[in-house]
Number of protein chains: 2
Amino acid sequence: MNPVEGRSTRKPRGRGPERREEILNAALRLFSQSGVMAVSTRDIAGAVGISQPALYAHFRNRDDLLTELSERAFSELEQRMSALSADAMTGRAAFLRFCRIYIDFGLEQPDAYRMAFMLEKRRSRFETLDPRILAAGLKTFQCFEERLARLVSRGLTRPGEARLLAQTLWAGLHGLVSLWLARREFPWADRETHITRYLDMLADGLFQPEGVTPRR
Amino acid sequence: MNPVEGRSTRKPRGRGPERREEILNAALRLFSQSGVMAVSTRDIAGAVGISQPALYAHFRNRDDLLTELSERAFSELEQRMSALSADAMTGRAAFLRFCRIYIDFGLEQPDAYRMAFMLEKRRSRFETLDPRILAAGLKTFQCFEERLARLVSRGLTRPGEARLLAQTLWAGLHGLVSLWLARREFPWADRETHITRYLDMLADGLFQPEGVTPRR
DNA sequence: AGCTTTCCTTATCAGTGATAAGCGAAGATT
DNA sequence: AATCTTCGCTTATCACTGATAAGGAAAGCT
């Protein structure tokens, strides 16, 4: 695709990058259907119509493929957040809408969300996070932090408050979304009510009424 | 152990239930060391000093063993929460202490926490939750809800509010803990500050100052 | 002594992710 | 045109996984 890419002056023959796309799309579809853990490399290869070892020409291993999908998931979330910033809204209403973007992303694309935040790789230790996923996550988080700071201008009194608030809010939203996704059978309250109540609680803590100083 | 247990009048020979305990303990230790996904049934059997198929005399399969550990994790959390209720505290301070119990449990016993809330089984679809884990989770949640309602007596105005609040708070705490556990490499803010700020934000939303009506 | 039950073994299975070796055809080189 | 090179793929195979089958050794009861 890029002539700068290699020492060879010859153009790549064609199928290469497209095959890679085919594989990624097929994998995501299968993961959505049957769950990430249940899909084998043979399943993916079969869906694309190639043999299983052929995958390894495009991805070093299975986890590498998952990483790629994780990066895409982060990218998608980032895009959604960026789309909102056009409106130069501020205050409570904007805060609520901003949070809804995160929540809606998780609920509409549960598999992408899982890829990004909840995925436990098979081989490595649980805590060992892929550097690529870490980088993608950091980038997305910076976007999150930036937009949030713009929306919530009041209440950011101490230095470093913006980052702390962003991490706190992110964690809160993640808790909501991840529990919904991981424990579907649980008798959750009506989801809309739940979202509203939760965001209100957060907003009540964030946007204190005039003349009232929040404790601490 | 219990004479009511079977039709046989003979006493069980001994090792049975103890072996089961041995296996569970060894499994939990290995999971803590190497991560849940990285530990095989042969590893567990080897740690106990028996052959791999011998495990299946005590557990139907690997997931069954994980389920057992999940139940124990829930039980441990429940115990911790119940321990606090002795003090008949109320109000904001009690709320903060209550939340700390949950957080501390997750941070002190990360593997138990993962068992209970973050575990993706290998075989089944991700959403398909083991009924036993569901039951254990429900029981623990009821404990959570009950204690919380006692602590936060004000602010519970609408019917069903207690359950909604409990689910909301649980989700918020889970978000914090699970992200810490799953993304250790992330440049988190100082944890103590983080906890304090987050709980304050929640408490500010919950315990509105006198004479101020929270929006909505 | 003989029988039953318990707890464990070895042997083996299908399925997994991954690697090695090689094959055929499309471009490049002569 | 003939040859060479490289690419994209195949088949064969590996070590390992969770799980099952079949059987053995020994403890305790009759």
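Note that the structure is a prediction, hence the values are computed from the model and not measured. Chain A is the first sequence line, chain B the second, and so forth, proteins listed ahead of strands; every chain is numbered from 1.
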- Atom-to-atom span, CZ of B:R20 to C1' of C:dC8 - whole angstrom: 17 Å
- DNA chain D: 5'-proximal contact among B:D43 and A:P53 (nearest heavy atom): A:P53
- Item | A:D43 (side chain) donor-acceptor with A:V39 (main chain) under 3.5 angstrom | no
- Note on the structure: Rounded to whole Å, CD of B:E18 lies from P of C:dT6 at a distance of 16 Å
- Determine: side-chain N/O of B:H58 to OP1/OP2 of C:dC8, distance under 4.0 Å, yes or no. yes
- Separation of C:dG17 C1' from B:M37 CE (nearest whole Å): 15 Å
- Query: For A:Q52 and B:A54, take the nucleotide of DNA chain C holding the closest heavy atom to each; which residue's nucleotide lies nearer the 5' end?
  - Reply: B:A54
- The side chain of B:R19 lies closest to which of these nucleotides: C:dC8, D:dT10, C:dG17? C:dC8
- d(OH, B:Y56; C1', C:dC8) in whole Å: 15 Å
- Task: Could you check how far CZ of A:R62 sits from P of C:dG15, rounded to whole Å?
- Result: 17 Å
- Query: Donor-acceptor pair, A:E71 side chain versus A:A136 backbone, under 3.5 Å?
  - Reply: no
- Task: May I ask you to evaluate whether A:S40 reaches the phosphate of C:dT16, defined as a side-chain N or O under 4.0 Å from OP1 or OP2?
- Result: yes
- D:dT17 P sits how many Å from B:L65 CG, rounded? 16 Å
- Considering heavy-atom distances to DNA chain D, does B:R42 or A:R42 have its closest nucleotide positioned more toward the 5' end? A:R42
- Measure from CG on A:D63 to C1' on C:dT16 and round the result to the nearest Å. 13 Å
- Find the distance A:L55:CG to C:dT19:P and express it as a whole number of Å. 12 Å
- Is the centre of the B:Y102 ring less than 6.0 Å from the centre of the B:W170 ring? yes
- Item | D:dC9 OP1/OP2 closer than 4.0 Å to side-chain N/O of A:S51 | no
